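This report refers to the structure that appears directly beneath it.
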Amino acid sequence: MTFLTYLISGISLGSVYAIIALGYTMVYGIAKMLNFAHGDVIMVGAYIAYCVMSYLGLSPIVSVIAAMIVCTLLGIIIERLAYKPLRSAASLAVLITAIGVSYFLQNSALLIWGSATKIFPTVVAGDGVSLFGGQVRITAVALTTILTCVVIMIALTMFIKMTKIGKAMRAVSEDKGAAQLMGINVNGTISVTFAIGSALAAIAGVLLCSAYPNLMPTTGSLPGIKAFTAAVFGGIGSIPGAMLGGILLGIIEIFAKAYISTQLSDAIVFAVLIIVLLVKPTGLLGKQIHEKV
Amino acid sequence: MSETMLKVDNLNVYYGNIHAIKGVSFEVNRGEIVTLIGANGAGKTTTLQTISGLLRSRTGSVEFMGENLFHVAPHKIVSHGLAQVPEGRRVFTQMSVEENLEMGAYTRAKSEIADSIAYVYEQFPRLKERRRQVAGTLSGGEQQMLAMGRALMSKPQLLMLDEPSMGLAPILVEQIFDIIRNLHKDGVTILLVEQNAQMALSVADRGYVLEVGSIATTGTGMELLENDAVRRAYLGG
């Protein structure tokens with residue numbers, strides 16, 4: 001029964017990775033860049049939610065919404081100021097800029113909120129669920145995280161598949177030039193992508209800090225890197241891939257911690273990534289696109 | 001004299017330091033089929049991409065139905081009535097046939113596009129059969145039809161076709177040119193870029209011959225077909 005408990009907490013942690021990984025994979029799919037500042041947007045989201053709850057005394061729901069609004073704007077501004085001017089630059093320049101933005105956000109947080117760890121308040125009230133006569137307990141946070149992840153996955157898939165903007169995003173991700181010939185505003189589409197990714201990052205930040213309540217300016221970086229790993233693991237550019245990669249990564253991490261070694265768990269996670277990429281370089285659900293002449 | 005629809009004046013386009021288009025000027029009148037022919041690398045595609053705004057010229061102007069498109073953002077050009085079928089088709093391979101057509105009508109209201117979809121399916125019955133299929137699984141000829149259908153979805157006044165015959169079997173080339181004639185009959189003005197000079201000149205009212213970035217010769221389709229220099233260079237004798 002402890003196995004089941006571990007599995008559930010793995011899925012829960014993995015759900016957070018998955019939500020973060022969506023931001024990486026969408027931005028990569030559409031703007032063809034790795035936004036390494038994405039993890040730090042999570043941290044900003046968590047701080048905003050923290051402030052709204054602790055200083056303004058508002059409800060968790062309001063705090064999540066506030067965090068989403070701030071992060072959405074932040075995502076759009078980062079894209080406009082830092083990445084848009086580099087649209088036709090070498091990808092290495094964009095990558096280095098993203099790392100720069102990451103440090104900028106971390107240091108800004110340090111300046112605003114200080115280096116002392118903040119203890120994130122409880123967002124999800126309730127006792128959770130007991131299964132098998134109390135042998136397996138699912139905390140309310142874990143349950144909320146998993147459900148949120150499922151809802152986001154379904155909503156995002158529908159959005160991409162059905163809506164006009166969603167279709168435009170797919171068109172831009174395949175061929176920017178052809179998309180422009182159709183009348184699609186590529187810059188606008190990229191902004192929307194950053195906005196969605198950053199709003200999801202805010203949700204991920206709140207969920208992450210609900211489960212692991214130590215909030216500091218570097219809170220976002222390791223989960224950010226792991227979620228990036230998850231996105232690559234699942235096949236970068238693929239939305240279901242990001243979800244699958246995230247959840248598997250969470251499960252592997254928790255199992256590694258539980259059954260092998262707490263210290264080595266991160267090493268094991270990355271070792272799994274390396275093995276998967278050796279066997280399947282495009283990731284689990286990544287597609288190799290063949291052109292037909 | 002019929003109305004000038006597209007007036008391209010003195011384009012100079014560079015790729016880095018390479019001067020790809022050197023002072024190209026030409027015109028397309030309403031109701032015409034005009035062709036730009038020339039060898040690989042002569043600048044045909046570059047010219048079309050400059051008209052569509054994907055590339056920028058350092059000088060000159062592109063005037064379309066009295067409006068200067070020179071500084072218009074590329075995604076705003078299609079709504080002026082100018083559509084392009086790009087070289088290599090460039091359909092959205094992971095989207096369905098119908099979704100590709102919807103993208104072609106991106107700038108139009110949803111309520112208006114049903115008629116256009118019906119029109120495209122009438123022109124290309126093959127596409128209707130495959131409407132739910134992902135575009136990447138279509139054959140080359142079907143992809144060309146899809147690329148043309150997609151461009152028609154914007155209800156263009158002027159359709160620019162870039163190498164529609166490229167890589168297609170002769171029978172499909174015939175079919176594509178039949179469709180071009182049909183579209184022309186339906187009132188669409190056509191600017192056709194082709195390496196298949198024989199086919200292009202035989203449907204065109206007028207043609208321009210591009211050589212290393214400049215216009216070398218111009219004339220009616222017939223004149224160019226009979227022009228010795230053109231015959232030697234592009235028609236194999």
Side-chain angles (χ1 to χ4, degrees), chain A residues 25-26 28-32 80 84-85 87-90 157-193 235-242 282-283 285-293, chain B residues 45 48-49 51-55 72-96 98-110 113 134-144 146-147 150-151 153-154 156 160 162 166-168:
Chain A
T25 218
M26 284 173 72
Y28 181 82
I30 286 157
K32 299 286 177 283
R80 275 289 145 90
K84 193 181 166 202
R87 196 81 87 220
S88 50
T157 307
M158 306 265 276
F159 176 77
I160 300 281
K161 201 154 180 53
M162 319 268 220
T163 65
K164 194 170 175 180
I165 304 172
K167 287 176 188 176
M169 288 165 81
R170 281 153 63 202
V172 170
S173 86
E174 264 201 61
D175 189 333
K176 286 191 187 57
Q180 281 180 310
L181 292 179
M182 304 299 111
I184 296 167
N185 180 346
V186 168
N187 285 328
T189 310
I190 291 175
S191 284
V192 172
T193 310
I236 191 136
S238 154
I239 287 176
T282 50
L285 301 182
K287 278 179 257 181
Q288 196 89 52
I289 298 157
H290 295 286
E291 272 186 34
K292 205 161 189 171
V293 186
Chain B
T45 297
L48 283 202
Q49 296 211 326
I51 297 169
S52 290
L54 295 179
L55 293 171
V72 173
H75 69 271
K76 291 193 173 142
I77 283 184
V78 65
S79 48
H80 288 257
L82 191 66
Q84 188 187 331
V85 181
E87 183 183 12
R89 347 211 195 281
R90 290 169 75 171
V91 295
F92 301 115
T93 55
Q94 295 177 49
M95 301 172 84
S96 73
E98 193 141 314
E99 282 173 336
N100 267 277
L101 294 180
E102 285 172 26
M103 287 297 103
Y106 190 78
T107 54
R108 298 175 62 204
K110 206 172 178 182
I113 66 179
V134 171
T137 62
L138 300 180
S139 71
E142 289 164 344
Q143 288 194 5
Q144 185 60 50
L146 179 56
R150 184 180 66 174
M153 289 298 294
S154 66
M160 303 192 288
D162 195 348
M166 191 170 68
L168 299 184

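Below, read A as the first sequence line, B as the second, and so on, with proteins coming before strands; counting in each chain starts at 1. The shown structure was predicted, so the numbers you read here are calculated from the model rather than taken from an experiment.
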Note to self: Applying the side-chain contact (heavy atoms from CB on, under 4.5 Å) criterion to A:Leu181, which one of B:Gln84, B:Arg90, B:Gln49, B:His75 satisfies it?
What the structure shows: B:Gln84
Note to self: Does A:Lys164 have more than 12 heavy atoms from other residues, nucleotides or ligands lying within 6.0 Å of its NZ?
What the structure shows: yes
Margin query: Measuring from atom CD of A:Glu174 to atom CZ of B:Phe92, what distance do you get when rounded to the nearest 0.5 angstrom?
Written below: 7.0 Å
Notebook entry, point to check: For B:Met103 and A:Ala171, which heavy atoms make the closest approach, and how far apart are they?
Noted result: SD-CB, 3.9 Å
Next item on the list: Could you look at B:Leu54 and say if it's the side chain, the backbone, both or neither that has a heavy atom under 4.5 Å from chain A?
Entry: side chain
Item checked: Part of A:Gln180 lying under 4.5 Å from any heavy atom of chain B -> both
Check: Hey, what do you get for CG (B:Asn100) to CE (A:Met182), rounding to the nearest 0.5 Å?
Finding: 8.5 Å
Notebook entry, point to check: Is it the case that more than 12 heavy atoms not belonging to A:Lys32 sit under 6.0 Å from its NZ atom?
Noted result: yes
Next item on the list: Compare all side-chain heavy atoms of A:Arg170 with those of B:Glu99 and state whether any distance is below 4.5 angstrom.
Entry: yes
Check: Is there a side-chain contact (heavy atoms from CB on, under 4.5 Å) between B:Met95 and A:Lys167 once you walk through the steps?
Finding: CA-CA 9 Å; B:Met95 301 172 84; A:Lys167 287 176 188 176; 4.0 Å; yes
